[in-house]
Structures are given as C-alpha cells and as structure tokens.
Amino acid sequence: PAAFAQKYSPDWTSLKAHTVPNWFEDAKFGIFIHWGLYSVPAWAPPSGELGKVDMSRWFYQNAYAEWYLNSIRLKDSPSYKHHVETYGADFDYYRFGQAFEQQNRAWKPQNWASLFKDAGARYVVLTTKHHDGYTLWPSKVPNPKRPQGGINSPRDLVGDLTKAVRGAGLHMGLYYSGGLDWTFETRPIATMGDLRTTAPQTEEYARYADAHWRELIRLYQPSVLWNDIGYPKLGKPEALFADYYNAVPEGVINNRFSVEYSDFTTPEYAKYDKITPKKWESCRGLGFSFGYNQVEGPEHVIAPEALIELLVDIVSKNGNLLLNIGPKPDGTISEIQLNRLNALGAWLKTNGDGIFGSRPWVRPSAKTTAGGDVRFTKKGDALYAFLLGRAAGPSTVVGLTLAPGSTVRLSGGRSVAWKKTGDGTTFELPANSPAAGPVALSITPAPAA
Ligand SMILES: C[C@@H]1N[C@H](CNC(=O)Cc2c[nH]c3ccccc23)[C@@H](O)[C@H](O)[C@@H]1O
C-alpha cells in the first residue's frame, strides 16, 4: 500500500509550504470558551478591558476571572478579600474541582452546539488546560507535580463538545496554556516580569506540554491549535507542527508558541486598523473577562450594535472574530451572554451573505457625507457595503463610483435606487433600518476600485 503522505518535515522551510485553508478564511466568526475550576468562584473585579488598565495595576485587580488562583495569591487584591469572605482563607483553589465535576455532569454539549450554530459561528475553540493546570479531558499523561491526581476531569468534556460541535457542522479547535501552568510554578504573578520568570522551562515541563498537545491531536484531530501565552523553549514545536499538519492537513496554528511561524496572529481585545495580508483573529470576552464573572453587568458588556459592528470591521480587514463565552459550572450560560449571541445571530441570518466566504476589497472602509462609517467586503462579482450606525434615507458614500447599470440590493433582496453624485454615490435607503446593526448593500458588478 502507498505510504501515508508525510508531506511535512520538522523544519521551518517545509512548514512554510502550508497555506491557510479556505475553511478558516471563510469562517469569519468563532466561539471561544473558557470553562474550568475558575468557573465555580466566577469572580473578578471588572476593572476594565485589557489594554485600558495600566499594566502596573492589571494583576492586582485582574478583570480576567479565569486568573482567580493567581488573584487570590496576591493578598492585597479584591479577589483575595472576596475569597476569604466567601470560602475562608484556607480554602484551597483546587477544591473547586469537586463542585465543577459534580455540576458539569448535567451538561448537555448539544445545547451549546445548536446555540453557537444559531449565532452564526463556524468554529469553536475550547480551553483544554488553562493556566491553573486542570485538564478538561481525562488525560493519561501523569502530572509529576500532582501524583495524587485531582487535576484531570473524569468526564471527557473536550471529546463530548468536539462530537456535538462537529455534529452541528462546525469546526472544532483546542486551546492549551503552553506558557503557564500553575501546578509547575506556584509563585504569584504581579508584574509582566513575573509572567516571564514563572513560565516553566524545565525539560520535565516541556515533555509534559508536548505529550499533552500530542494526546489532544491523537484523540480529537482539532482543526485549530490555539496555544496560549508562549511555549517552553525545549518543547520543539516544529516537530509538533509537522506531525500535526500530517495528521490534520486543513489544520491551523496560532502565533503563541514562542516561535515566528504561525498560520494566523491573535490580537487580544485588539484589532488591526487596516487590511493585513497575514490572516489574523481578534479574540475577546463579551465583557472584560474570558471566564464567567458573576459580577459583570450590562455596563461591562459590549452592546449588541457594537458587537455586530466589531465583526464587520474585523472581517473588512482580513480578520476573524473569536468571541468568548464563559459558561457556569453546570454548562448554563448567563442571560446577558445569550442576549448578545442571539443579537449577532439574528443580524447574520439576514446579512451574513457579505460576511461568510467574503474576502477584503481593495480598501476596508469609507465615510458617508453625513460622517457615517462604511465597511467593504468582496465576494464573487459583488462588492458589499456595510453602512454602520443605523443609516437610513438618502446616504452618500464618499469616493465610491459604480459602473452604469449596476444593481444594488439590500440583504434580503429588495433593490435600492442609487445615483452618482459629486462626492460619490447616493443610495436611497429605507426610512428606518428595521433590525439593529449595519445596513448591508450588495453591489454588482463590484467596482474595480
Ligand atoms: C485568551 C486569553 N489569553 C491570555 C494570555 N494573553 C496573552 O498572552 C497576551 C497576548 C496577546 N497576543 C499575544 C501573542 C503572543 C503571546 C501572548 C499574546 C490569558 O492569560 C487569558 O486568561 C485568556 O486565556
């Protein structure tokens, strides 16, 4: 029998032959899930978005609820105060494992799969091990720091969700905290310097992380390797990457393995302001946290309109949006998070044609003479123009020139009258845009520039 095509070899030249597969370019919208022991306390001070809080204070009032273990190790943090009041000073963080394992027995993964499908997501990325070292699958790889165990989920949460997500026709990706593991390094992180010095670099840890990634690839053949916050220098990622691509040719690898090579970059609570040739994916929570934070309210969570506009802006510049959901220990999802997913899903149901499968145009944006924002995407022979901010009535897009006889339609098919003006093109939009979110116009043929 023909030998299995071992197309990739463990060197950067060979790996660079890998191209980003169409499914990832077309997908545009994925759901990130942070679920684990931290979902039990589910508490963090909503101090602000990453990037908007001074890094000298970030770790002391960490808005990331999934950093609960580190936060309670900083005795002058609000989280430590909350922990003492709620659980007592001697309550060890890993005891949350009992509640997490008890409560997630009720979880039905197919509920998440249909929720994410209805929201318009095309892929899902689940935490398999976050910084606290707890694995969401019953790993057979022993943790040398935990001979007594208690660090692996008895239920195969990773496998159960992978099966349900693929059953719903979505791609499944896996997140793994390669750079931090607080069962190997227990010193608290109070500064960016501590981040670096507490990243385990022993041969023992490198073997552990490599064995984990290889076990995950063998068991689940993930479509995304979403490593986080770096990788041990002794981890030999190029060998892992070659074996991964040979096992999953349509797989993609992110840029957090502490090496130059990646299929895509990963700005966090950030996005690029222009089209970049390199594929990228912007990740963020709905509020300031990835793990469920019971304290977060509407004042901390992105508004539905802003969320839809965020997706359109990212797609116009060659990015994907990886939008995070933080579930409760029993797998239920808070009302406010459901509300935002449903708003996005409703808009995409009507206006998704210019999003999914699209590619950036020659330029990502324009303005209207009324000062409104416009974003562009291209698909086939159509240009899509998204008029942000409840555009209605006659709207003139500056600098846009259509070929005579071009057809302009609203999503849903209704035709739109247009005329060339000195500034650009004026479109006769309906007097009021029914649903929340941008008005999407399809223009055929697409203007050359
Ligand atoms: C998705 C979130 N990632 C956080 C780590 N973030 C970073 O390391 C910041 C970062 C942004 N872009 C990068 C590129 C390479 C390495 C790190 C980063 C984690 O600390 C959070 O808990 C959460 O899992």
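Both counts, for ligands and for their atoms, begin at 1 and track the order of listing.
Ligand 1 has no N or O atom lying under 3.5 Å from any N or O atom of W226, backbone or side chain.
Remark: K279 NZ is packed, more than 12 non-hydrogen atoms of other residues, nucleotides or ligands lying under 6.0 Å away.
Taking the centre of each ring, H34 and Y292 stay at or above the 6.0 Å mark.
Atoms of ligand 1 found under 4.0 Å from any heavy atom of H131, numbered from 1 in the order shown, are 19 (C), 20 (O), 22 (O). Atoms of ligand 1 found under 4.0 Å from any heavy atom of Y175 (numbered from 1 in listed order, with element): 24 (O). Atoms of ligand 1 lying under 4.0 Å from at least one heavy atom of Y64, given by number and element, are 21 (C), 22 (O). Taking every heavy atom of F32 and a limit of under 4.0 angstrom, the matching atoms of ligand 1 come to 1 (C).
Remark: the backbone N or O of H83 is not paired with any side-chain donor or acceptor of T86 at under 3.5 angstrom.
With respect to atom 8 (O) of ligand 1, the closest heavy atom belonging to the protein is I229 CG1, 3.4 Å. The nearest protein atom to atom 13 (C) of ligand 1, hydrogens excluded, is given as R256 NE, 3.4 Å; this is a heavy-atom distance.
Side-chain N/O atoms of E281 and Y123 include a donor and acceptor closer than 3.5 Å.
Distances from atom 5 (C) of ligand 1 to the heavy atoms of D228, L322, T266 put D228 nearest. Among H34, E66, E268, the residue whose heavy atom lies nearest to atom 22 (O) of ligand 1 is E66.
Under 4.0 Å is where a charged nitrogen must lie from a carboxylate oxygen, and between K317 and D273 no such pair does. Under a 4.0 Å N-O distance rule, the pair E309/R375 does not qualify as a salt bridge.
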| task | Report the C-alpha separation of R105 and E101 in whole Å, then their side-chain angles, then the decisive distance to 0.1 Å, and conclude whether the salt bridge (charged side-chain N to carboxylate O under 4.0 Å, His left out) test is met. | result | CA-CA 7 Å; R105 282 199 199 104; E101 290 164 9; over 6 Å; no

